[in-house]
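Naming convention: chains lettered A, B, ... in sequence-line order (proteins, then strands); numbering from 1 in each chain.
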Amino acid sequence: MSEARLADSIWILLILVTVAMAYFGENGAVTFLAVVLILSASAVKAFCVVDYFMGLRKAPRMWRFLLLAYAPVIGVIVGVTYLF
Amino acid sequence: MTAQADIQVKQLPGDFAIWLFILAELSVFALFFILYAITRLRFPEMFAEGQAQLSVLAGVGNTLALLTSSWFVVRAQQKVHAGRAGGNVFLLLALMSAGAYLWIKSTEYQHSVALGFDLSTNDFYFFYYGLTAFHMFHVILGMLVLVLLMWQNGRGKYRSGRMNEFESGASYWHMVDLLWLVLFPLVYLL
């Protein structure tokens, strides 16, 4: 797949996940499972942006890890606050 | 093929300095996100009531506008790197998408203010206005960066092997997108 087609595919995926996430968030009750699912979807979107839009899939491991870890780490901290 | 050609050197796109700046920005926002989550824990009813007043549709619109803008920047970068025409067209489309974000956000603010909610209403609105306005400031700064990239690209400054400045600007723009991907579910959905 060419880089252009790859970028197009990632964009379509991001749009679909965003719409699905919003529909789920708007129509479902805010249970802990819903929180986990929404934060996970957000992390997947962040992975796509970091690896394919920022182009860090070809970057040094440490930098890639730092950026990829951002959304999941915030997600875990936020998720934990919903346990109380 | 030589042995040297086989070696793939992994490197960051753009200047190293922009990545230090991006890390600093992400850290500041992370602090605000965590403070928001802790404050929500203390006042769950207040935050639920505040969120119920927000338009999820507007939040989705903001997300789609920023994701689309980031996608256009990727396509612009690919065009410029390949030495093909059309880079500035994609940058212009990216700016228009960012403009759509600003329009949606200003409409949201007008609606909230019309309902009588401002920064001093309660902790939820303090975070809502504070976080989203701080993020919007980054969007506006990023739009200025995109205009600069368009101008320099128009002058023929960028081509394969001379993409450092373009990649730095694009990376900043994608960071703005990345921040919104965390902010949107936190403030609008959860």
Side-chain angles (χ1 to χ4, degrees), chain A residues 2-4 6-8 10-15 17-19 21-28 30 34-35 37-50 52-64 66-67 69-75 77-84, chain B residues 8-14 16 19 22-23 26-27 29-30 33-34 36-42 44 48 51 55-57 59-64 66-68 70-75 77-79 81-82 167 170-175 177-186 188-190:
Chain A
S2 73
E3 288 290 311
L6 183 61
D8 296 350
I10 294 295
W11 174 72
I12 291 168
L13 175 71
L14 287 166
I15 297 296
V17 174
T18 298
V19 172
M21 192 170 123
Y23 180 80
F24 184 68
E26 181 77 333
N27 296 295
V30 184
V35 170
L37 286 174
I38 288 171
L39 290 173
S40 301
S42 177
V44 168
K45 286 162 68 184
F47 287 169
C48 290
V49 168
V50 168
Y52 297 99
F53 284 4
M54 283 179 156
L56 289 195
R57 71 187 191 280
K58 296 171 185 169
R61 206 173 296 173
M62 185 201 81
W63 282 95
R64 184 175 179 232
L66 276 175
L67 272 287
Y70 187 74
V73 168
I74 302 279
I77 294 169
V78 169
V80 164
T81 65
Y82 281 83
L83 283 173
F84 299 100
Chain B
Q8 283 193 326
V9 180
K10 290 190 167 192
Q11 58 183 15
L12 283 167
F16 182 69
W19 290 98
I22 285 172
L23 269 192
L26 290 176
S27 304
F29 270 94
F33 293 149
I34 293 165
Y36 174 95
I38 292 170
T39 314
R40 189 210 64 83
L41 184 62
R42 290 180 61 209
Q51 281 177 320
S55 164
V56 173
L57 192 62
V60 171
N62 286 325
T63 312
L64 300 187
L66 285 181
L67 286 172
T68 303
S70 255
W71 171 55
F72 283 140
V73 169
V74 173
R75 295 302 305 273
Q77 190 172 329
Q78 289 168 347
K79 289 274 186 195
H81 187 263
E167 289 171 354
S171 297
Y172 177 83
W173 188 249
H174 298 315
M175 177 206 73
D177 197 7
L178 178 65
L179 287 169
W180 182 262
L181 294 184
V182 179
L183 198 159
F184 167 59
L186 195 63
Y188 288 81
L189 297 180
L190 298 177

NZ/A/Lys45 to CG/B/Asp177 distance, rounded to the nearest 0.5 angstrom?
-> 9.0 Å

Against chain B, work out which of A/Val50, A/Val80, A/Leu67 has the most heavy-atom pairs shorter than 4.5 Å and name it.
-> A/Leu67

Please state whether the rings of B/Trp71 and A/Trp11 are parallel, tilted or perpendicular, taking 30° and 60° as the class boundaries.
-> parallel

Separation between CZ (A/Phe24) and CG (B/Leu189), nearest 0.5 Å, reads 10.5 Å

Which heavy-atom pair separates B/Leu181 from A/Ser42 by the least distance, and what is that distance?
-> O-OG, 2.8 Å

Hey, what do you get for CG (B/Leu64) to CG (A/Leu14), rounding to the nearest 0.5 Å?
-> 10.0 Å

Can you tell me how far the CD1 atom of B/Ile34 sits from the CD1 atom of A/Ile77, to the nearest 0.5 Å?
-> 3.5 Å

If you round to the nearest 0.5 Å, how far is OH of B/Tyr36 from OG1 of A/Thr81?
-> 10.0 Å

Chain A: which of B/Val182, B/Leu186, B/Leu179 shares the most heavy-atom pairs with it under 4.5 Å?
-> B/Val182

What closest approach, in Å, do B/Val56 and A/Ala22 show between heavy atoms, and which atom pair accounts for it?
-> CG1-CB, 4.2 Å

Ignoring hydrogens and angles, tell me if any N or O in the side chain of B/Ser171 forms a donor-acceptor pair with the backbone of A/Met54 under 3.5 Å.
-> no

When you look at B/Val73 and A/Phe53, which way does the side-chain contact (heavy atoms from CB on, under 4.5 Å) test go after all the steps?
-> CA-CA 8 Å; B/Val73 169; A/Phe53 284 4; over 6 Å; no

Note: vs chain A, highest number of non-hydrogen pairs under 4.5 angstrom among B/Val60, B/Ile22, B/Thr68 is B/Thr68

Close side-chain approach of A/Ile15 to B/Thr63, heavy-atom, < 4.5 Å = no

Could you grab the distance from atom CZ of B/Arg75 to atom CG of A/Asp8, nearest 0.5 Å is fine?
-> 4.5 Å

Could you tell me whether a side-chain N or O of B/Gln78 sits under 3.5 Å from a main-chain N or O of A/Glu3, the two making a donor and an acceptor?
-> yes

Any side-chain heavy atom of A/Leu66 within less than 4.5 Å of one from B/Leu26?
-> no

Is the side chain of A/Tyr70 donor-acceptor paired with the backbone N or O of B/Ala30 at a distance under 3.5 Å, no angle test?
-> yes

Measuring heavy-atom distances to chain A, does B/Ser70 have an atom under 4.5 Å in its side chain, in its backbone, in both, or in neither?
-> both

Please look at A/Val35 and chain B and tell me whether the side chain, the backbone, both or neither of the residue comes under 4.5 angstrom of a heavy atom of that chain.
-> both

Heavy-atom distance under 4.5 Å to chain A: side chain of B/Phe184, backbone, both or neither?
-> side chain

Checking B/Leu57 against chain A: side chain, backbone, both or neither under 4.5 Å from a heavy atom?
-> neither

Which bit of A/Val73 is near chain B, if near means a heavy-atom gap under 4.5 Å: side chain, backbone, both or neither?
-> neither

Does A/Ser2 have any side chain to side chain contact (heavy atoms under 4.5 Å, CB included) partners at least two apart in sequence or in another chain, and if so, which?
-> A/Ala4, A/Arg5

For B/Phe29, is it the side chain, the backbone, both, or neither that has a heavy atom closer than 4.5 Å to a heavy atom of chain A?
-> both

The interface call for B/Val74 against chain A, heavy-atom contacts under 4.5 Å, is side chain

